[in-house]
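Keep in mind that what you see is a predicted model, and the values were worked out from it rather than measured. We count ligands from 1, going down the list as the structure has it; atoms in each ligand are counted the same way.
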Amino acid sequence: MKTIDSFDFSNKKALVRVDFNVPLNERHEITDDTRINATIPTIKKILADGGSCILMSHLGRPKDGPTEKYSLKHLVAPISLILGVPVKFADDCIGQSAIDQAAALQPGEVLLLENLRFYKEEEKGDVEFAKKLASLGDVWVNDAFGTAHRAHASTAIIGQFFTDKICGKVMQAEIDNAQYILENAEKPFTAIMGGAKISDKILIIERLLDKVDNLIIGGGMTYTFSKALGGNIGKSLLEADKQDLALEILEKAKAKGVNIIMPLDNVIADDFSNDANRQVVEKGQIPDGWEGLDIGPKSIELFKEVIKNSKTILWNGPMGVFEFPNFAAGTTAIAEAVVKATEENNAFSLIGGGDSASAINNAGMGDRVSYVSTGGGALLEYMEGKVLPGVAALD
Ligand SMILES: Nc1ncnc2c1ncn2[C@@H]1O[C@H](COP(=O)(O)OP(=O)(O)O)[C@@H](O)[C@H]1O
Ligand SMILES: O=C(OP(=O)(O)O)[C@H](O)COP(=O)(O)O
């Protein structure tokens, strides 16, 4: 694989796939810039060589083409500030104006393209769309580790149009780190899974059963399991068609001797908002019209006990809707427990995912764990031994 440091970018237009899928608040302000900061060394190396950068990324999961909420224009000012170089913006990632702006780019300049997912062709891995993107640059750099598990047009399919396919610094560091853990993970190995991307991650859970001793399930992930076990979950997050799989996972875990730890209680709300009415109920006892937005105090104690004794900890997905301060207690308590295990039990702790990184950094504990990864799903898929399409495309 070609790496950034071994390549001379002078007079080259580098088309760089980055993962700038960062969390934004209602005012379109970035609430955690981990993924942007991580990419700066890659961009700076290209510019220092006398090259120029065309940055491309997705943001969120827009369903119906361009929408204000998911526009990458919100990132132009923050990236310019962090990078110390003014960033130009193309309000369409393909088309004549993107072609003209890319062609006019001078060495040392940076252009950011509008959200790739405003075209459905991106996620479909459309070859013609990839070709149009490829025409903008001389070389392709893939630094989007967080999206490397997607075989999308800009992350994988595009590789066929370049002779020079270069592994970015984030990608390289993330792979080295994940590989280190795969080879050196001490037991007990505990995975903590939460968040909202159930269908994406439930299959990964199944495959992690071969690697881990303990599997803690919290966050939005919990309720599909709880419902499958016959509990009442009210209007909590549910992926109904994954209930059988949830039961299968519990069976398999038992057969493999993996300890599955699920919440004993939940903090529930009568509305999806910070100011909703709140109460704590036992697991599987959520009344109609209410939804689980955090783990409860008994769950926190149970989870803490398991984390305390772990030697390797892999955490992806917050324990609740931590963006609402009233439902952040579970996530903060688990972050504290992970920090404690790292500092007092010498555990190796790896936290991955856009929102998980945001949660640990906003709680002020990002520098007290062993490693904060820019990838959530990507990291988990790498850990289960999969070849990521975004990495394979660089070969
Ligand atoms: N109980 C819950 N109900 C709804 N959403 C939840 C719940 N618990 C966590 N979440 C949401 O999950 C999101 C993060 O999920 P995910 O994208 O899977 O994590 P990551 O980005 O770290 O990989 C957060 O925005 C959080 O609000
Ligand atoms: O945020 C991301 O993944 P993550 O939530 O697993 O950390 C990546 O940007 C991939 O986004 P996607 O899961 O919408 O393809």
Side-chain angles (χ1 to χ4, degrees), residues 17-25 31-32 34-35 38 57-63 70 115-117 122-123 125 143-152 154-156 170 174 192-202 204-205 217-226 233-239 263 266-269 271-274 276 286 290-296 299 314-331 334-335 350-362 372-383 388-390:
R17 181 39 159 116
V18 290
D19 187 342
F20 283 173
N21 184 23
V22 290
L24 301 176
N25 64 19
T31 54
D32 182 69
T34 304
R35 283 178 167 164
S57 179
H58 71 287
L59 176 64
R61 293 177 166 179
K63 291 280 164 276
Y70 295 118
N115 195 340
L116 297 162
R117 290 191 185 170
E122 162 65 357
E123 289 177 77
D143 213 17
F145 176 73
T147 322
H149 56 320
R150 309 287 182 215
H152 293 174
S154 68
T155 60
V170 175
E174 292 277 10
I192 311 168
M193 299 289 302
K197 292 180 179 172
I198 301 163
S199 45
D200 271 10
K201 291 173 187 171
I202 199 161
I204 301 176
I205 289 191
I217 301 175
M221 188 78 76
T222 316
Y223 306 99
T224 299
F225 283 85
S226 181
I233 63 161
K235 55 175 183 175
S236 304
L237 209 58
L238 168 71
E239 293 207 11
N266 294 102
V267 183
I268 62 169
D271 183 30
F272 190 79
S273 80
N274 186 50
I286 303 179
W290 290 70
E291 60 193 301
L293 296 188
D294 198 4
I295 54 172
S299 314
L314 172 63
W315 180 12
N316 172 247
M319 294 293 99
V321 184
F322 72 99
E323 296 92 337
F324 300 153
N326 285 338
F327 300 95
T331 301
I334 296 315
L350 172 57
I351 284 86
D355 293 303
S356 305
S358 170
I360 193 110
N361 286 331
N362 286 313
V372 179
S373 170
T374 55
L379 175 70
L380 295 169
E381 290 200 22
Y382 190 91
M383 298 294 280
L388 306 181

Check your understanding: When you look for heavy atoms under 4.0 Å from ligand 2, do you find them on the side chain of E123, its backbone, both, or neither?
Key -> neither
Study note, to complete from the structure: ligand 2 to K197, heavy atom cutoff 4.0 Å, flagged ligand atoms 1 (O), 2 (C), 3 (O), 4 (P), 5 (O), 11 (O), 12 (P), 13 (O), 14 (O)
Review point. Which part of K201 is near ligand 1, with near meaning a heavy atom under 4.0 Å away: side chain, backbone, both or neither?
Key: side chain
Check your understanding: Which of the numbered atoms in ligand 1 are below 4.0 angstrom from a heavy atom of N316?
Key -> 20 (P), 22 (O), 23 (O)
Point to revise | Residue pair Y223 / I198, side-chain heavy-atom distance below 4.5 Å | key: no
Review point. Are Y382 and F145 close enough that their ring centers fall under 6.0 Å?
Key: no
Exercise for review: Report the member of S57, A148, P23, G146 with the shortest heavy-atom distance to atom 8 (C) of ligand 2.
Suggested key: G146
Revision key, fill the gap. for atom 6 (C) of ligand 1, nearest protein heavy atom and its distance come out as V321 CG2, 3.5 Å
Point to revise | Close N or O approach (D294, ligand 1; < 3.5 Å) | key: no
Check your understanding: Judging by distance only, is a nitrogen or oxygen of T374 under 3.5 angstrom from one on ligand 2?
Key -> no
Study note, to complete from the structure: ligand 2 atoms nearer than 4.0 angstrom to some heavy atom of K201 are 6 (O)
Check your understanding: Which ligand 2 atoms are under 4.0 Å away from a heavy-atom of G376?
Key -> 6 (O), 7 (O)
Check your understanding: Would you say T222's side chain and G218's backbone share a donor-acceptor pair under 3.5 angstrom?
Key -> yes
Check your understanding: Looking only at non-hydrogen atoms, which of N21, L59, D19 approaches atom 1 (O) of ligand 2 most closely?
Key -> N21
Practice item. Compare all side-chain heavy atoms of T374 with those of E174 and state whether any distance is below 4.5 angstrom. Key: yes
Practice item. Find out whether N115 and P62 are in side-chain contact, i.e. whether some heavy atom of one side chain is under 4.5 Å from a heavy atom of the other. Key: yes
Point to revise | Heavy atom of the protein closest to atom 11 (O) of ligand 2 (residue, atom name, distance) | key: H58 NE2, 3.3 Å
Point to revise | Euclidean distance, H152 NE2 relative to E122 CD, rounded to 0.5 Å | key: 6.5 Å
Practice item. Enumerate the atoms of ligand 2 whose separation from the nearest heavy atom of R117 is less than 4.0 angstrom. Key: 11 (O), 12 (P), 14 (O), 15 (O)
Review point. Judging by distance only, is a nitrogen or oxygen of G377 under 3.5 angstrom from one on ligand 2?
Key: yes
Point to revise | Sub-4.5 Å side-chain heavy-atom contact between L379 and L314 | key: yes
Check your understanding: Do any N/O atoms on R61 end up under 3.5 angstrom from N/O atoms on ligand 2?
Key -> yes
Exercise for review: Could you tell me whether the side chain of N274 and the main chain of N326 form a donor-acceptor pair under 3.5 Å?
Suggested key: yes
Review point. Does any non-hydrogen side-chain atom of L116 lie less than 4.5 Å from one of R17?
Key: yes
Exercise for review: Do me a favour and list the nearest non-hydrogen protein atom to atom 22 (O) of ligand 1 with residue, atom name and distance?
Suggested key: S356 OG, 2.6 Å
Check your understanding: Roughly how far, to the nearest 0.5 Å, is the CG atom of L59 from the CG atom of D19?
Key -> 9.5 Å
Point to revise | Heavy-atom check, side chain of I217 versus side chain of F225, under 4.5 Å | key: yes
Review point. Is there a donor-acceptor pair under 3.5 Å between the side chain of D294 and the backbone N or O of V267?
Key: no
Check your understanding: For atom 20 (P) of ligand 1, which candidate among D355, D32, I198 holds the nearest heavy atom?
Key -> D355
Exercise for review: Please could you name the atoms of ligand 1 that Y223 approaches to less than 4.0 Å, counting only its heavy atoms?
Suggested key: 1 (N)
Point to revise | Test: R150 and D200 ion pair at under 4.0 Å | key: yes
Review point. In ligand 2, which numbered atoms sit nearer than 4.0 Å to a non-hydrogen atom of T147?
Key: 9 (O)
Exercise for review: Please check if the side chain of S358 supplies one atom and the backbone of D32 the other of a donor-acceptor pair under 3.5 Å.
Suggested key: no
Review point. Got an N/O contact under 3.5 Å between G354 and ligand 2?
Key: yes
Practice item. Quick one: look at H152 and ligand 2, take heavy-atom pairs under 4.0 Å, and tell me if it's side chain, backbone, both or neither. Key: neither
Exercise for review: Could you pull out, from G377, G194, A196, the option with a heavy atom nearest to atom 11 (C) of ligand 1?
Suggested key: A196
Check your understanding: Quick one: CE on M193 to CE on M221, what's the gap to the nearest 0.5 Å?
Key -> 4.0 Å
Review point. Short list, please: which atoms of ligand 1 are under 4.0 Å from a heavy atom of G219?
Key: 1 (N), 8 (N)
Practice item. Name the option, out of G292, P23, S236, S358, that contains the heavy atom nearest to atom 1 (N) of ligand 1. Key: G292
Check your understanding: Of all the atoms in ligand 2, which lie at a distance below 4.0 Å from a heavy atom belonging to G353?
Key -> 7 (O)
Point to revise | Flag side-chain contact, heavy atom, 4.5 Å: D355 against P23 | key: yes
Review point. Any N/O of N316 closer than 3.5 Å to an N/O of ligand 2?
Key: no
Practice item. Only heavy atoms count here, so choose which of M319, M193, E323 is nearest to atom 25 (O) of ligand 1. Key: E323
Practice item. Give, for atom CD1 of I334 and atom CD1 of I351, the distance between the pair rounded to the nearest 0.5 Å. Key: 11.5 Å
**Study point:** 4.0 Å heavy-atom contact, F327 with ligand 1
**Key:** no
Check your understanding: Does the N or O separation between F272 and ligand 1 drop below 3.5 Å for any pair?
Key -> no
Review point. In the protein, what heavy atom is nearest to atom 15 (O) of ligand 2, and what distance, to one decimal place, separates them?
Key: R150 NE, 2.6 Å
Point to revise | Any E381 heavy atom less than 4.0 Å from ligand 2 | key: no
Revision key, fill the gap. The answer for which part of R35 has a heavy atom under 4.0 Å from ligand 2 is side chain
Check your understanding: For G220 and ligand 1, does the shortest N/O to N/O distance drop below 3.5 Å?
Key -> yes
Review point. How far apart are the closest heavy atoms of F272 and V321, and which atoms are they?
Key: CE1-CG2, 3.8 Å
Point to revise | Nearest candidate to atom 9 (C) of ligand 1, where distance is taken over non-hydrogen atoms, out of P263, G320, A269 | key: G320
Review point. Does the side chain of R117 come within less than 4.5 Å of R61's, by heavy atoms?
Key: yes
